[in-house]
Amino acid sequence: MGGSRREAALAALTFVALALLPLAAPAYYLQFGAKVLLVGLAAMALNLVVGFGGLVSLCHAAFYGLAGYTLALVSPRYEAASLFWTLPLAVGASAVAALLIGALSLRTRGVYFIMVTLAFGQMLFYLFADTDIAGGSDGFYIYTRPELALGGLTLVDLDKPTGFYLTALATVALATLLLLRLTRSPFGQALAAAHENERRARALGFPVYRIRLAAFTVSGALAGLAGYFASVQFGYVAPQMLGWHFSATILVMVVLGGLGSVTGPLVGAAAFLGLEEVLKAALPDHWALALGTVILLVVLLLPGGVRQLADAALGPLSRERPPGKPLAAAEGATGA
Amino acid sequence: MDLVTFGVQLLNAVQYGLVLFLVASGLTLVFGILGVINLAHGAFYMLGAYTAFWLAAATGSFWIALVGGVAIAFVVGMLMEDVFVRRLYGRDHLAQVLLSFALILILDEVRLHLFGKDVHSVAPPDFLQGSIQLTDTLSYPVYRLAVCLFCLLVALAIFAVLRWTKIGMVVRAGAENREMVRALGISFDRVSRYVFAVGIALAALAGIVVAPISTVYPGMGDGMLILSFVVVVLGGIGSVAGAAIGALAVGLTDTFGKVFFPAFSSVSVYLVMALILLWRPNGILGRREV
């Protein structure tokens, strides 16, 4: 696990450097940085089940969006709600949804799992897009951002780009710490073991279903955490937040960053969103085509993500498994 | 609900189910034979509808649009198999999901440049216009009846090919146990290409025949893709008969859900899927884990 220790040190250094960014960068970059961090958090959450658990889920956008919608629905229109109760409520809603969807979806394997998670995710999408619970397909405004205050004293002003950026950064850093500890704990080892060889893990007496369900729930809750802050940032929620295109997009980020590490998806999110900005600026009419082509080439030529490029240039960095191998192993284990 | 209304809704449900079957049977066979999960399947349904609109507007004939659209889809399917899908054989599901997602982005862009992003409608052929008067207030469009009949014929043709032809036998055997068929020395190269192209052509055909009923719009493929997945999950992967059962179940649930529980109509189909999963995690006719 030396690799993971080195990863933790590298992550800590990066977070310290990112905390200094407000001293140098203008507000636009802070807003973009916060967006990258939050989408990256959703991708890290997804990676817990995809990279470590070997379960390709296509419904994480639903957990991300559900937390945002929960905030939007409970926020009073003219006064700020406290973050101290809206955040646990929103994350809790995502966790409950993940628990229920996971309990059903994890009864299936492989490609069924992909299809079932996709279908349940879209169920939540249609629930918000087709009914007028929260503005239907037009979306819903959060007129007043929640406040982070104690006894009338504002601790951090979330309306200011710097305050919001630092809050997002602290949240992502805490989540990274949690994920690093979780993947190294006996629970994380058991999750990886079930991925490596399900039959053997079962024979050794691991409660594979319960372990996976726990991982799926934690992962859904963390995606909800990202979605909560994302909706605070934009002051707006729309059904597209829950749609499966976003699930697939964060999956691309996971693969782009490399499956084997906790923080890889953050790098993947930065690479993806950065590329998207560049393409939108350079090719305003064809950026989606260019983006699709890039994804296509990455999948065909770079199964290990951007890390593979870095490895080719610099020699192997920290890595616990060779790229691409974990999923092949999982497939062998389930007999596909 | 009186008997006539019930009959009309039942016809709607069956017609919807039959169209779903055309899309889902391709999806289930492509997975069963090629081992590839294709998220871009819905995009071909959408492209089929747009191609039909374009051909119908250019030639003025629905029939040319029908035949031309299916032919174009078949050829595109052959090319797609050769250029992209072939590279996915034996790759893990994650790579397949990502590659077909990239294809959706690309195909959407292709649609934007070829056909634009407007919502269109297509006129049904002349002799199928009009409707049958059932009671003083209720009538049923002839075209919907024709769609029912046509899809039923196509479905029967699919079953006949699978049941009585040599290639159908290979396809059925392959869906049952791919490795065993390979071990018996039967080459899958040609079969795979035809199965993929026929799957794409069926998705496009479904898009073409519903074009006169619903409108032609950019997001139409997404909803169809999700429902086809529900159908495949219900029926069991690789099973065409399962897809038929699943498609009718979804058609009935959706149509009667809208009639009886309008507030929950958008989730009723998924609730049925949840119940089936509790009962049979591998689908009604599914036998193997994939």
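Nothing here was measured: the structure is a model prediction, and the numbers come from that model. Chain identifiers are assigned alphabetically (A, B, ...) following the order of the sequence lines, protein sequences preceding nucleic acid strands; residue numbering begins at 1 within each chain.
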Problem - Stepwise side chain to side chain contact (heavy atoms under 4.5 Å, CB included) test for A:V299 and B:R91 - result: CA-CA 10 Å; A:V299 176; B:R91 291 285 296 274; 4.1 Å; yes
Fill in the blank from the handout: Pair count under 4.5 Å, heavy atoms only, with chain A: among B:L278, B:V110, B:D108, highest is B:L278
Can you say whether [X] sits under 4.5 Å from chain A via the side chain, the backbone, both, or neither, judging by heavy atoms?
{"X": "B:V97", "result": "side chain"}
{"X": "B:L227", "result": "neither"}
{"X": "B:L107", "result": "neither"}

Calculate, to the nearest 0.5 Å, the distance between atoms [atom1] and [atom2] belonging to [X] and [Y] respectively.
{"X": "B:W279", "Y": "A:R107", "atom1": "CH2", "atom2": "CZ", "value": "12.5 Å"}
{"X": "B:H93", "Y": "A:M115", "atom1": "NE2", "atom2": "CE", "value": "9.0 Å"}
{"X": "A:Y112", "Y": "B:I237", "atom1": "OH", "atom2": "CD1", "value": "4.5 Å"}
{"X": "A:M123", "Y": "B:Y270", "atom1": "CE", "atom2": "OH", "value": "8.5 Å"}
{"X": "B:I226", "Y": "A:Y126", "atom1": "CD1", "atom2": "OH", "value": "6.0 Å"}

Practice task
Examine distances only and state if a side-chain atom of B:R87 and a backbone atom of A:L300 form a donor-acceptor pair shorter than 3.5 Å.
Solution key: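 It does not hold such a pair.
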Problem - Steps toward side chain to side chain contact (heavy atoms under 4.5 Å, CB included) verdict (B:F229, A:I114) - result: CA-CA 9 Å; B:F229 276 2; A:I114 299 175; 5.6 Å; no
Practice task
Carefully, step by step, assess A:F120 and B:V267 under the rule side chain to side chain contact (heavy atoms under 4.5 Å, CB included).
Solution key: CA-CA 9 Å; A:F120 280 131; B:V267 295; over 6 Å; no
Problem - Audit row: B:L94, A:L251, side chain to side chain contact (heavy atoms under 4.5 Å, CB included) steps and yes/no - result: CA-CA 9 Å; B:L94 183 55; A:L251 198 56; 3.7 Å; yes
Against chain B, label [X] side chain, backbone, both or neither, depending on which of its atoms sit under 4.5 Å from a heavy atom there.
{"X": "A:L289", "answer": "both"}
{"X": "A:L58", "answer": "side chain"}
{"X": "A:T293", "answer": "both"}

Problem - A:R210 atom CZ, over 12 foreign heavy atoms within 6.0 Å - result: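 At most 12 heavy atoms, drawn from other residues, nucleotides or ligands, come within 6.0 Å of this atom.
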Problem - Over 12 foreign heavy atoms within 6.0 Å of OH, A:Y209 - result: yes
Which heavy-atom pair separates [X] from [Y] by the least distance, and what is that distance?
{"X": "B:F84", "Y": "A:L296", "value": "CE2-CD2, 3.2 Å"}
{"X": "B:A274", "Y": "A:L104", "value": "CB-CD1, 3.6 Å"}
{"X": "A:G292", "Y": "B:A102", "value": "O-CB, 3.4 Å"}

Exercise for the section: Look at A:I101, A:L124, A:L127, A:V116 and state which one has the largest set of heavy-atom pairs under 4.5 Å with chain B. Expected result: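 Most pairs with chain B among the choices: A:V116.
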Exercise for the section: Could you label the plane-to-plane angle of the A:H245 and B:F101 rings as parallel, tilted or perpendicular, counting under 30° as parallel and over 60° as perpendicular? Expected result: perpendicular
Exercise for the section: For chain A, find its close neighbours in residues 35-45 of chain B: heavy-atom separation under 4.5 Å, sorted by number, or none. Expected result: B:I37, B:L39
